[in-house]
Amino acid sequence: MKLSISLRRRKKPRFAVLNITGVIQEDNEELSPRRIAEALEELQERPPQAVILRLNTPGGTVGASQEIYESIVRFREETKVPVVASMGDVTASGGVYVAMAADKVVANAGTVTGSIGVIIQSRNLSRLLDKLGVSAEVVKSGRYKDTLSMYRGLTKSERALLQGVIDDSHEQFVEVVARGRKLTAKAVREFADGRVMTGRQAKNFGLVDELGGFDVAVNTAKSLANITEKPQFIEMAKPKKKWWE
């Protein structure tokens with residue numbers, strides 16, 4: 001009688017590292033909502049045991065940040081794969097918005113984060129243009145159509161209108177942070193005033209769960225995925241190097 005023994009190599013657990021680096025906006029080839037969505041769709045075909053969002057971004061536009069956030073939330077809901085956000089040098093504004101899609105958030109003690117807020121800026125060059133003898137002739141379909149024109153300052157009603165837009169966008173940000181961090185909106189508003197903070201300060205506010213670098217994020221992901229062995233890492237949406245690099 002012969003005994004046949006088949007030895008199979010045990011596969012290592014797979015952790016996907018989703019790089020979110022640079023300014024978050026639609027026309028950023030390296031970091032557009034579409035590119036992140038495509039990376040997550042690829043992961044859905046063969047889900048890893050965990051996903052680590054490696055964030056190093058000053059933020060970006062509201063719409064692009066919201067799209068990336070929604071893509072990550074949808075991925076979590078459909079795959080049940082744990083997601084951990086790992087903040088690098090800087091994770092501010094829209095970067096914080098994206099991080100709120102994760103189960104856990106890790107930051108270095110010195111990470112620059114926060115800047116939870118929304119801003120609209122314009123340049124009023126009317127006094128300079130008057131000296132140069134330059135003026136604008138405007139034909140518009142509504143009284144607000146040329147709001148933020150550099151040829152004049154804001155009217156009282158225009159300022160009120162824009163403040164309403166800012167306030168609504170800011171409230172959406174507050175709601176996302178409150179939901180992601182399981183805080184009350186009142187608690188979030190205490191630090192959601194546009195201030196920047198360190199990772200250690202962010203932890204005191206409840207914006208961050210743990211302090212540490214990428215290795216701490218990996219251990220946090222292992223704990224959430226009930227894994228003890230060292231995982232195999234898969235880099236997703238990795239920034240392309242410039243030709244001179």
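Because the structure is predicted, anything quoted here is derived from the model rather than measured. Position 1 is the first residue of the sequence, and the numbers go up from there.
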Here the gap from Leu53 atom CG to Ile72 atom CD1, rounded to the nearest 0.5 Å, amounts to 4.5 Å
Original post:
Mind checking whether Val118 and Val98 sit in one hydrophobic cluster, side chains of I, L, V, M, F, W, Y counted as touching below 4.5 Å?
Top reply: no
Joint cluster assignment, Ile20 & Val90, ILVMFWY side-chain distance < 4.5 Å: no
**Request:** Without swapping roles, check the side chain of Asn19 against the backbone of Met236 for a donor-acceptor pair under 3.5 Å.
**Result:** yes
Check: Between Val138 and Tyr151, is any pair of side-chain heavy atoms under 4.5 Å apart?
Finding: no
What one should report as the nearest heavy-atom pair of Gly199 and Leu211 is O-CD2, 3.5 Å
* In terms of hydrophobic clustering (I, L, V, M, F, W, Y; side-chain heavy atoms under 4.5 Å; direct or indirect links), are Val83 and Val105 co-clustered? -> no
Between Thr198 and Ala109, the two heavy atoms sitting closest are CB-O, 3.4 Å
Backbone N or O of Ala101 within a donor-acceptor pair of the Arg76 side chain at under 3.5 Å?
yes
Counting N and O atoms only, with roles assigned by atom type, does the side chain of Lys182 sit under 3.5 Å from a partner on the main chain of Arg179, one being a donor and the other an acceptor? no
Sub-4.5 Å side-chain heavy-atom contact between Ser135 and Leu129:
no
Would a 4.5 Å heavy-atom cut-off, applied to side chains only, mark Leu18 and Leu40 as touching? yes
Output for pair (Glu78 CD, Glu41 CD), nearest 0.5 Å, gives 9.5 Å
In terms of heavy-atom contacts, Gly22 and Thr57 come closest through O-OG1, 2.6 Å
Smallest heavy-atom separation, Gly60 atom then Val23 atom, equals CA-CG1, 4.2 Å
> Do side-chain atoms of Asp193 reach the backbone of Arg195 as a donor and acceptor pair under 3.5 angstrom?
Replying inline: yes
CD of Glu210 to OG1 of Thr220, rounded to nearest 0.5 Å, is 3.5 Å
- Query: Got a donor-acceptor contact below 3.5 angstrom from the Ser71 side chain to the Glu67 backbone?
  - Reply: yes
CZ (Arg200) and OG1 (Thr113) are apart, to the nearest 0.5 Å, by 15.0 Å
**Asked** Phe205, Val176: one ILVMFWY side-chain cluster at the under-4.5 Å cut-off?
**Response** yes
Could you tell me whether the side chain of Lys140 and the main chain of Arg143 form a donor-acceptor pair under 3.5 Å?
yes
CG of Asn124 to OG of Ser149, rounded to nearest 0.5 Å, is 8.5 Å
Angle between ring planes, Tyr69 versus Tyr97, binned at 30° and 60°: parallel, tilted or perpendicular? perpendicular
Worksheet item: Below 4.5 Å, heavy atoms only, C-beta onward: do Pro33 and Glu26 meet side chain to side chain?
Response: yes
key: Donor-acceptor contact below 3.5 Å, side chain Ser86 vs main chain Val106   = no
Taken in chain and number order and not counting sequence neighbours, the residues that satisfy side chain to side chain donor-acceptor pair (under 3.5 Å) with Arg181 are Asp209
Between the OG1 atom in Thr21 and the CG atom in Asn56, the distance rounded to the nearest 0.5 Å is 5.5 Å
Exam field: side chain Lys12 to backbone Pro231, donor-acceptor pair closer than 3.5 Å = no
Closest non-hydrogen contact found for Leu183 with Gly206 is CD1-O, 4.1 Å
Looking at Arg159, I'd like to know if its CZ atom is crowded, meaning that more than 12 non-hydrogen atoms belonging to other residues, nucleotides or ligands lie closer than 6.0 Å. no
| message | Between Leu55 and Ile36, is there shared hydrophobic-cluster membership here, with clusters defined by ILVMFWY side-chain heavy atoms closer than 4.5 Å? | response | yes
4.5 Å side-chain heavy-atom contact, Phe173 and Val188:
no
Self-check item: Within-4.5 Å side-chain heavy-atom neighbours: Leu154 and Leu148
Solution: yes
For atom CD of Glu175, decide whether the heavy atoms of other residues, nucleotides or ligands shown that lie under 6.0 angstrom number more than 12.
yes
Got a donor-acceptor contact below 3.5 angstrom from the Gln49 side chain to the Arg14 backbone? yes
Side-chain heavy-atom pair Arg189, Val174 within 4.5 angstrom cut-off
yes
With the side chain counted from C-beta on, respond yes when Val81 and Gln44 share a heavy-atom pair under 4.5 Å apart, and no when they do not. no
